[in-house]
Structure formats: structure tokens, C-alpha cells
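Quantities reported herein were computed from a predicted structural model and do not represent experimental measurements.
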Amino acid sequence: MNAIVALCHFCELHGPRTLFCTEVLHAPLPQGAGSGDGPGRGEHAEEEEGGIQMSSRLRAHSPAEGASAESSSPGPKKSDMCEGCRSLAAGHPGYISHDKETSIKYVSHQHPNHPQLFSIVRQACVRSLSCECCRAQRAVSCSAVLVSQVCPGREGPIFFGDEQHGFVFSHTFFIKDSLARGFQRWYSIIAIMMDRIYLINSWPFLLGKIRGIIDELQGKALKVFEAEQFGCPQRAQRMNTAFTPFLHQRNGNAARSLTSLTNDDSLWACLHTSFAWLLKACGSRLTEKLLEGAPTEDTLVQMEQLADLEEESESWGSSEAGEEEKEGAEGREPTKCPVDSSLLSDCGNWQPRKLSVFKSLRHMRQVLGAPSFRTLAWHVLMGNQVIWKSRDADLVHSAFEVLRTMLPVGCVRVIPYSSQYEEAYRCNFLGLGPHVQIPPHVLASEFAVVVEVHTAARSSLQPAGCEDEPSLSKHEFVVTSGSAVAADRAGPTILSKVEAALTNQNLSVDVVDQCLVCLKEEWMNKVKVLFKFTKVDSRPKEDTQKLLSILGASEEDNVKLLKFWMTGLSKTYKSHLLSTVRSPMASEPRS
């Protein structure tokens with residue numbers, strides 16, 4: 001994420017000051033940051049956590065270098081800084097974290113080295129710790145759509161900024177200090193970026209993580225404050241002392257550093273780690289995807305199935321929680337509701353096994369043989385029930401994973417492996433054990449195909465040219481159906497094109513997969529036209545026949561395929577068509 005995270009402090013002597021900031025560098029490190037390769041540079045600490053390698057590097061400057069660096073630095077002069085305004089010691093080059101995954105560096109200094117960035121951070125620091133910020137926050141929160149978190153007073157999260165100076169998420173807070181006026185000092189953590197939408201969308205994430213950092217700082221400071229008050233109570237001492245204006249400011253111990261207030265010498269290294277992780281995590285949680293054209297029907301159906309799965313899981317969780325409370329009150333063991341595998345497959349969340357037996361459709365065609373594969377593919381495309389009987393569940397899973405690529409996502413209903421026969425209305429892909437009985441009417445039906453996997457005899461040979469694996473050499477496949485597909489039968493047009501792609505050895509497996517995607521999208525477009533024509537407009541059969549002729553799908557098998565694939569249309573598309581028909585413009589009579 002291209003942003004800057006900074007810790008700011010309101011000094012009673014010098015006003016708002018930037019104490020510590022972390023920025024993202026995609027280019028080589030700036031001069032003074034140190035790469036650790038040159039002479040005079042040593043790595044004092046180096047650790048690796050969460051994929052980020054952090055190293056604190058010190059650099060020894062010569063007097064000339066120190067003078068030139070100080071004169072060219074955009075930060076305030078040493079005379080304008082007190083102990084409370086300073087974080088890193090003089091000559092400290094800062095902290096560097098290397099992200100190995102993206103080759104991005106996260107660099108922390110007291111001030112940004114670039115003058116323009118220093119000006120932006122400085123202005124954000126002043127606005128976050130001034131009264132103007134409260135007025136700006138109220139105006140922005142009314143005009144921009146933000147989370148309903150507002151800053152009720154001087155402490156809390158706020159948002160402000162513009163296109164020129166960047167947009168800022170700021171969270172102000174107080175740190176306990178027994179020597180400060182009011183026994184507390186004012187700090188803020190700010191996140192600056194130029195992308196307003198990204199920053200607003202990151203509001204909940206930033207709020208939670210920054211709030212955690214603040215709680216840790218306040219907790220450490222509170223322990224120090226309580227220990228000091230126990231040893232030497234300042235309230236009674238101040239009440240017994242004559243009032244002198246700004247006496248506490250002239251006290252040498254009043255303007256203490258944050259490390260002194262928290263009693264943590266490694267505070268800045270810890271803050272660097274927290275800020276670097278915050279930038280990396282916030283940049284990784286939101287990603288942009290470029291969609292070329294409208295989403296496909298498969299994409300829409302997958303999104304709908306994922307939403308249905310989340311709703312069902314929430315309802316199952318709430319019902320199980322209620323049952324557990326009820327069962328616990330009665331002193332019985334709580335029982336869980338069994339999850340049907342068909343429900344998971346219907347939701348599009350079924351995942352294949354890691355070890356795939358069938359590598360591709362071309363591989364399956366070589367294993368089964370061209371005639372058996374054509375029969376199987378015909379039944380798959382027409383929506384008939386495909387039943388695999390095998391002792392090997394992994395083989396069945398692999399076969400279904402390959403065969404389902406020929407169908408739209410919405411037309412696939414899988415029960416991967418069952419101990420009993422399931423009706424065709426529940427699934428069109430069914431895996432069974434070798435001893436499961438299939439009803440006789442299903443075996444004789446023309447709307448089902450059965451693939452039985454037997455142990456192969458030693459003398460049996462696989463078809464020539466088969467890319468066989470040792471696991472397949474132990475099996476032989478028998479494809480039977482009540483309606484045998486004749487070799488000379490044309491079948492659906494898409495089946496001929498699929499076979500042509502599979503037999504063309506000049507096409508790689510990846511190219512064949514893309515051909516399948518294009519073929520499915522082509523025929524899904526025909527399905528959309530037919531659905532609009534018949535279901536929405538309710539045109540007569542004569543017009544439907546003319547339309548099918550124009551679409552090149554007037555044959556019987558093509559018509560059956562279109563009707564089956566119509567069941568795979570997304571709810572989004574159907575509701576869009578129905579809402580269009582119900583609109584006043586659509587209700588006008590046709591000329």
C-alpha cells in the first residue's frame with residue numbers, strides 16, 4: 001500500500017511534531033538509509049517474522065557528512081527540538097524492513113527524507129493535533145460516506161484531506177505523564193495516502209489495528225505513571241506549591257521522550273515493526289481485479305452458490321447453537337446435524353482430491369476408447385444421469401472433475417461417492433461403490449449411463465497411445481446405457497466440436513480447455529436468447545422453430561441440450577430479464 005504511517009506529538013514548547021514515520025519504498029533506498037554494504041555500517045539486530053526481514057542498521061557519519069546532512073534535511077533544526085520532540089538519536093539512520101515476497105522496503109525515520117513528503121506529513125500532523133481538525137472532521141464525515149465512528153472530543157479517529165495534500169486517517173490519544181500539565185500528553189497516529197476510496201474502505205481495518213497499538217502504548221505508560229505517583233505524588237506537591245505560569249515547561253524533566261514515558265528502550269523498533277506490518281497487511285487485504293466485459297454465466301452462478309453456501313452455514317451454525325443449549329440444559333450429549341454431500345456439491349464448493357487419476361478429457365478418451373467416450377460425453381451434455389461404480393473413490397472424483405468441464409457450472413449436481421443410489425433429480429453425477437444396487441428401471445432407462453470399473457485381467461491391454469498411469473492399468477471400464485449412441489449419429493453440434501478438438505494433437509491440453517470455455521459460452525448465449533424468446537416473451541412454437549434454425553440448433557439433440565442448459569442460467573440473469581419485461585417500456589404492444 002502506497003501510504004505513510006506516522007506517530008505525532010503535541011509538544012507544549014514547539015507545537016505539533018512528527019516523532020516517527022514509516023514509508024514504502026519501491027525504488028533503491030535514499031541516501032542516509034543505508035544498505036548495510038558500505039564501510040562503517042553494521043547490522044546490530046536482524047530477525048525474520050511473517051515474511052518480513054527486519055534489520056536495524058547504524059551508520060557512522062563523518063563531521064562533514066553530518067553537517068551536510070543536517071543542512072539539507074527537510075526536518076526541524078536541533079535547536080527547535082526538545083527531548084519530547086525527538087525519537088531517534090542523532091546519526092541513527094532509521095529502521096529498514098525487506099519484504100521478500102514483493103521486494104518492497106519499509107523505511108522508518110523521524111521525518112521523511114523527501115521535502116515534498118515531509119511537507120505533506122507535517123501538514124497532516126498539524127491538522128491532526130489542532131482544533132481545526134475537529135471542524136474538518138465534522139464537515140468530511142457529513143459529506144463522505146464513512147463508518148459511523150466519529151471523534152466525540154479531542155480523542156478518537158477522524159478523517160480529513162484533499163486531492164493535493166493527500167487524505168489522512170488520524171487517531172488521537174493521550175499518554176499519561178506525571179510531569180505534564182493535566183498529567184497527560186497528546187499524541188496521534190496518522191495514515192496518509194492519495195487514494196481516498198481505498199483509505200475509506202480501509203477505515204475498519206485501520207481503526208482496529210491502530211487502536212491495538214494505542215492500547216499497548218497507553219498500558220505501558222500507565223504502569224510508569226502509577227509507579228511514579230506512588231513514589232512521589234505530583235498532585236499534592238503542585239497544590240502546595242505557589243502557582244507560577246508555565247513552571248512545568250521550564251522544568252528540565254517535563255518534556256520527556258516517549259521511551260521514558262513507557263519505560264521501553266525498544267519502543268521505536270517495535271513501532272517500526274507494527275507500522276511496516278500495518279502497511280503490508282492493509283495493502284494485501286484489498287485487491288483490484290480487471291474484468292474484461294460482462295461476467296460469464298459460470299461466474300455469476302458461482303457467486304450465487306457461494307452466497308447460498310454462506311447463508312446455509314450461518315443457519316446451520318445458529319440452529320446447532322440452539323440445539324446445543326437445549327441439549328446441554330437437558331444433560332444430554334449435543335448432536336450435530338449431518339451435512340449431505342449433495343448440498344455441498346450444489347453450492348459449488350466441492351473440491352477434487354489432490355491426486356488426479358484422469359488428467360484431462362483427452363486422457364479419459366484415450367483410456368475409455370473413442371466409442372465409449374462418445375457415449376459418455378453424449379449423456380453428459382444432454383443432462384442424463386452419469387453413474388460411476390468403482391471401489392476407488394479417488395478415481396470417481398477425478399472422473400467427475402474432468403467431465404464437469406463440459407457443462408456450465410449451474411448444470412452440475414454432484415454426489416461424489418454414496419453408499420446408496422440417489423435419484424436423478426438430486427444429481428446428474430453419482431459415484432457408487434461396486435456392491436451398490438442400481439434399480440432395474442434406471443439400468444434400462446435411456447436417460448442414464450453407467451460406467452463400471454472392474455479389475456483388469458493381466459492380458460488386457462489399454463488402447464494404443466494412452467497416457468496411462470500405473471493406477472489405471474489395474475482397471476477396465478465398461479460403459480452401458482439403455483440408449484446406445486450410434487457411431488453414425490450426429491448428436492449435438494458441440495459434441496462434434498469437442499471431439500474434433502480432442503483428436504487434434506496439434507492442440508495442447510490448455511488450448512483444448514480454452515476451446516471448451518468458448519464453446520460453452522457460445523451455447524450459453526443461444527440458451528439466453530431461447531429463454532428470452534420462450535419464457536419471457538412467450539412466443540409461439542412456429543417462431544421458436546424459426547429462431548432455432550437461425551441459431552443453428554434445430555436438430556433434436558441440440559434442442560434437448562439447450563433446454564437442459566437453460567436450467568444452468570443464473571438467477572441474476574433471469575431476474576434482470578423479468579424486471580425488464582415488467583417495466584413500462586416493455587409493456588407497450590409490439591407493432
Task: Closest approach of Arg404 to Val414 (non-hydrogen atoms, all atoms of both residues) - done: NH1-CG2, 4.1 Å

- [ ] Report yes if some heavy atom in the side chain of Ile189 is under 4.5 Å from a heavy atom in the side chain of Val5; otherwise report no.
- [x] yes

TODO: May I ask you to decide if the ring planes of Phe174 and Trp186 are parallel, tilted or perpendicular, using 30° and 60° as cut-offs?
DONE: parallel

TODO: State whether the number of non-hydrogen atoms from other residues, nucleotides or ligands found under 6.0 Å of Glu216 atom CD is greater than 12.
DONE: no

Task: Side-chain heavy-atom pair Ile415, Phe429 within 4.5 angstrom cut-off - done: no

TODO: Could you tell me whether the side chain of Arg196 reaches within less than 4.5 Å of the side chain of Phe159, counting heavy atoms only?
DONE: yes

Task: Identified side-chain contact (heavy atoms from CB on, under 4.5 Å) counterpart of Ser108 within the set Leu88, Thr22, Ile96 - done: Thr22

Open item on the list: Counting C-beta onward and ignoring hydrogens, is there a side-chain heavy-atom pair between Met303 and Thr299 closer than 4.5 Å?
Closed with: yes

Open item on the list: Between Thr405 and Val402 (side chain of the first, backbone of the second, donor and acceptor by atom type, cut-off under 3.5 Å), is there such a pair?
Closed with: yes

Task: Pairwise distance SG(Cys11) to CG(Leu129) - rounded to 0.5 angstrom - done: 11.5 Å

- [ ] Not counting sequence neighbours, list each pair that qualifies as a salt bridge (Lys or Arg N to Asp or Glu O under 4.0 Å) and has a residue in residues 111-123.
- [x] none

TODO: State which residues pass ring-ring contact (aromatic ring centres under 6.0 Å, His included) with Trp565; sequence neighbours excluded, sorted by chain then number.
DONE: none

Open item on the list: Please check this pair: side chain of Ser128 against backbone of Cys125, looking for a donor-acceptor N/O pair closer than 3.5 Å.
Closed with: yes

TODO: Please name the pair of heavy atoms, one in Pro408 and one in Val412, separated by the smallest distance, quoted to 0.1 Å.
DONE: O-CG2, 3.4 Å

- [ ] Would you please test Ser202 and Arg285 for side-chain contact (heavy atoms from CB on, under 4.5 Å) and show each step?
- [x] CA-CA 9 Å; Ser202 302; Arg285 61 181 296 271; 3.9 Å; yes

Open item on the list: Please check this pair: side chain of Thr259 against backbone of Asp264, looking for a donor-acceptor N/O pair closer than 3.5 Å.
Closed with: no

Task: Donor-acceptor pair, side chain of Thr273 and main chain of Ala269, under 3.5 angstrom - done: yes

Open item on the list: Restricting to non-hydrogen atoms, name the atom on Pro416 and the atom on Phe400 that form the minimum distance, rounded to 0.1 Å.
Closed with: O-CE1, 3.9 Å

Task: Steps toward side-chain contact (heavy atoms from CB on, under 4.5 Å) verdict (Val168, Arg127) - done: CA-CA 10 Å; Val168 182; Arg127 295 186 64 181; over 6 Å; no

Task: Check against side-chain contact (heavy atoms from CB on, under 4.5 Å), Val409 and Gln305 - done: CA-CA 10 Å; Val409 174; Gln305 291 175 347; 3.8 Å; yes

Open item on the list: Does any part of the side chain of Ser360, heavy atoms only, come nearer than 4.5 Å to the side chain of Val512, both counted from C-beta?
Closed with: no

- [ ] Given side-chain contact (heavy atoms from CB on, under 4.5 Å), test Leu267 with Leu217 step by step and report yes or no.
- [x] CA-CA 9 Å; Leu267 174 67; Leu217 292 175; 3.4 Å; yes

Task: Heavy-atom side-chain proximity of Phe225 to Gln184 below 4.5 angstrom - done: no

Open item on the list: Would you compute the distance between atom CG of Leu258 and atom CG of Leu271 and round it to the nearest 0.5 angstrom?
Closed with: 7.0 Å

Task: Heavy-atom side-chain proximity of Lys359 to Val509 below 4.5 angstrom - done: no

Open item on the list: Looking at every heavy atom in both Leu278 and Lys209, which two are closest together, and how far apart are they?
Closed with: CD1-CB, 3.6 Å

Open item on the list: Whether the side chain of Ser274 engages the backbone of Cys270 through a donor-acceptor N/O pair (distance < 3.5 Å, no angle test) should be reported.
Closed with: yes

Open item on the list: With rounding to the nearest 0.5 angstrom, report the NE2 to CE distance, His165 to Met194.
Closed with: 9.0 Å

Task: OH on Tyr187 to NE2 on His9, rounded to 0.5 Å - done: 4.5 Å

- [ ] State whether Tyr573 and Lys528 meet the cation-pi test: NZ (Lys) or CZ (Arg) under 6.0 Å from the six-membered ring centroid, and within 45° of the perpendicular axis.
- [x] yes

Task: Contact summary for Val301 and Gly568, nearest pair of heavy atoms - done: CG2-O, 3.5 Å

Task: Glu304 side-chain N/O to Thr572 backbone N/O, donor-acceptor pair under 3.5 Å - done: yes

Task: Nearest-0.5 Å distance that lies between atom OH in Tyr106 and atom CZ in Phe275 - done: 14.5 Å

Task: Whether His109 side chain and Pro93 backbone form a donor-acceptor pair below 3.5 Å - done: yes

Open item on the list: Which heavy atom of Ala191 sits nearest to which heavy atom of Leu199, and what is that distance?
Closed with: O-CD2, 4.2 Å

TODO: Find the distance between CE (Met524) and SG (Cys411) and round it off to the nearest 0.5 Å.
DONE: 6.5 Å

Open item on the list: Can you confirm whether Leu7 sits close enough to Ile213 that some side-chain heavy atom of one is under 4.5 Å from a side-chain heavy atom of the other?
Closed with: no

Task: Member of Phe169, Tyr198, Phe167 meeting the ring-ring contact (aromatic ring centres under 6.0 Å, His included) criterion with Trp203 - done: Phe169

